[in-house]
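Fair warning: this is a prediction, and the values are worked out from it, not measured in the lab.
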Amino acid sequence: NQAISYSQGPDVLVTSVTADAIGYSGVSMHMEADLTNVGGADANDFGARFHVSRDTVSSPDDRALGDAPGVQSAGPGITVHFELDVPLPADLSPGEYYILAEADPTDAVNEDSEGNNFGVFGPFPLGVPAPDLTVDGISVPAEARPGDAFDLHWVVRNLGNDVATGVPYSLVISENNVVTASDRAIF
């Protein structure tokens, strides 16, 4: 009598992918992936890589966004989690995109099947590039009298993903922190 034994090797599968609901070219986007070892042996020292794509299938025209920090190991049936915050390429055109998560992109694990190494999030809209200006601070004298000259200093920050040029602004005097039509413009 002869016994034949077979054991399945490791097989890392992307079981979920999530990301921000909307993206902007040139602006950081948060993405996460859960990877599960559905094989029968330990999977050691593997990572995850994220891509942005116009469709749900990995292809040469997809753009690699980067590898999640670190590597992990997982025994059979164990799920591990990867996260990445990375700017989307600045030259992406507005439209619908997908985030693809790739398990074991460096082939650290000798898997029986490499065909199940991608998971998909999306579609998500890639917003139109636009500036988003906010006043971070303003300094004014504690007191001023009618007719006095005084200095004003303010800091404006662009939170958007496009350059803001030739932006008009005005300064008003108000009795409170709400600008209304009855407030007087001084510049």
Side-chain angles (χ1 to χ4, degrees), residues 1-132 157-164:
N1 285 340
Q2 186 177 17
I4 298 174
S5 85
Y6 169 77
S7 68
Q8 181 185 9
D11 187 11
V12 182
L13 174 73
V14 178
T15 50
S16 78
V17 183
T18 60
D20 293 340
I22 187 169
Y24 298 95
S25 57
V27 176
S28 188
M29 185 174 193
H30 180 77
M31 49 204 71
E32 302 181 16
D34 288 332
L35 281 56
T36 302
N37 179 4
V38 296
D42 289 348
N44 295 312
D45 302 324
F46 61 91
R49 179 172 295 150
F50 292 90
H51 308 261
V52 63
S53 177
R54 282 290 202 171
D55 55 45
T56 61
V57 180
S58 173
S59 61
D61 63 333
D62 296 339
R63 304 277 293 275
L65 297 173
D67 292 358
V71 295
Q72 299 194 43
S73 298
I78 300 298
T79 299
V80 294
H81 186 77
F82 290 92
E83 296 186 28
L84 181 66
D85 289 289
V86 62
L88 295 175
D91 61 350
L92 290 181
S93 302
E96 286 196 337
Y97 289 85
Y98 297 84
I99 295 295
L100 306 181
E102 179 183 4
D104 190 30
T106 62
D107 293 326
V109 178
N110 184 16
E111 298 178 79
D112 292 335
S113 172
E114 298 284 345
N116 61 358
N117 282 15
F118 282 87
V120 179
F121 168 81
F124 68 91
L126 186 75
V128 176
D132 180 10
R157 187 167 43 129
N158 185 355
L159 302 174
N161 60 343
D162 203 3
V163 176

Fill in: Qualifying side-chain hydrogen bond (donor to acceptor under 3.5 Å, both in side chains) pairs, either residue in residues 18-27, two or more places apart
none
For [X] and [Y], indicate whether the former's side chain and the latter's backbone hold a donor-acceptor pair under 3.5 Å.
{"X": "Glu102", "Y": "His51", "value": "no"}
{"X": "Asn37", "Y": "Gly77", "value": "no"}
{"X": "Asp55", "Y": "Val57", "value": "yes"}
{"X": "Asn158", "Y": "Asp132", "value": "yes"}

Discussion item. Val86: which residues meet the side-chain contact (heavy atoms from CB on, under 4.5 Å) condition with it, sequence neighbours left out?
Written reply: Met31, Leu65, Leu84
Discussion item. Holding to side-chain contact (heavy atoms from CB on, under 4.5 Å), I want the full list of residues that pass it with Thr36, two or more places apart in sequence or in another chain.
Written reply: Thr15, Val38, Thr79
Discussion item. Taking atom CG as the centre, does Asn110 end up with more than 12 heavy-atom neighbours from other residues, nucleotides or ligands that are less than 6.0 angstrom away?
Written reply: no
Closest heavy-atom pair and its distance - [X], [Y]:
{"X": "Ile22", "Y": "Gly127", "result": "CG1-N, 4.4 Å"}
{"X": "Val109", "Y": "Glu114", "result": "O-OE2, 3.9 Å"}
{"X": "Arg54", "Y": "Gly95", "result": "NH1-CA, 3.9 Å"}
{"X": "Gly47", "Y": "Pro105", "result": "O-CD, 3.4 Å"}
{"X": "Gly119", "Y": "Val17", "result": "C-CG2, 3.6 Å"}
{"X": "Asp62", "Y": "Ser53", "result": "OD1-OG, 2.6 Å"}

Going by heavy atoms in the side chains, are [X] and [Y] under 4.5 Å from each other?
{"X": "Phe50", "Y": "Phe121", "value": "no"}
{"X": "Tyr97", "Y": "Leu88", "value": "no"}
{"X": "Asp45", "Y": "Ser73", "value": "yes"}
{"X": "Val52", "Y": "Met29", "value": "no"}

How long is the straight-line distance from [atom2] of [Y] back to [atom1] of [X], given to the nearest 0.5 Å?
{"X": "Glu83", "Y": "Asp34", "atom1": "CD", "atom2": "CG", "answer": "9.5 Å"}
{"X": "Gln8", "Y": "Asp112", "atom1": "CD", "atom2": "CG", "answer": "6.0 Å"}
{"X": "Phe118", "Y": "Thr56", "atom1": "CZ", "atom2": "OG1", "answer": "12.0 Å"}
{"X": "Ser28", "Y": "Asp85", "atom1": "OG", "atom2": "CG", "answer": "5.0 Å"}

Worksheet item: Which residue, Asp104, Asn117, Thr106, Asp107, forms the side-chain contact (heavy atoms from CB on, under 4.5 Å) with Phe46?
Response: Asp104
Item to complete: Mind running side-chain contact (heavy atoms from CB on, under 4.5 Å) on Gln72 and Leu35 for me, showing each step along the way?
Response: CA-CA 10 Å; Gln72 299 194 43; Leu35 281 56; over 6 Å; no
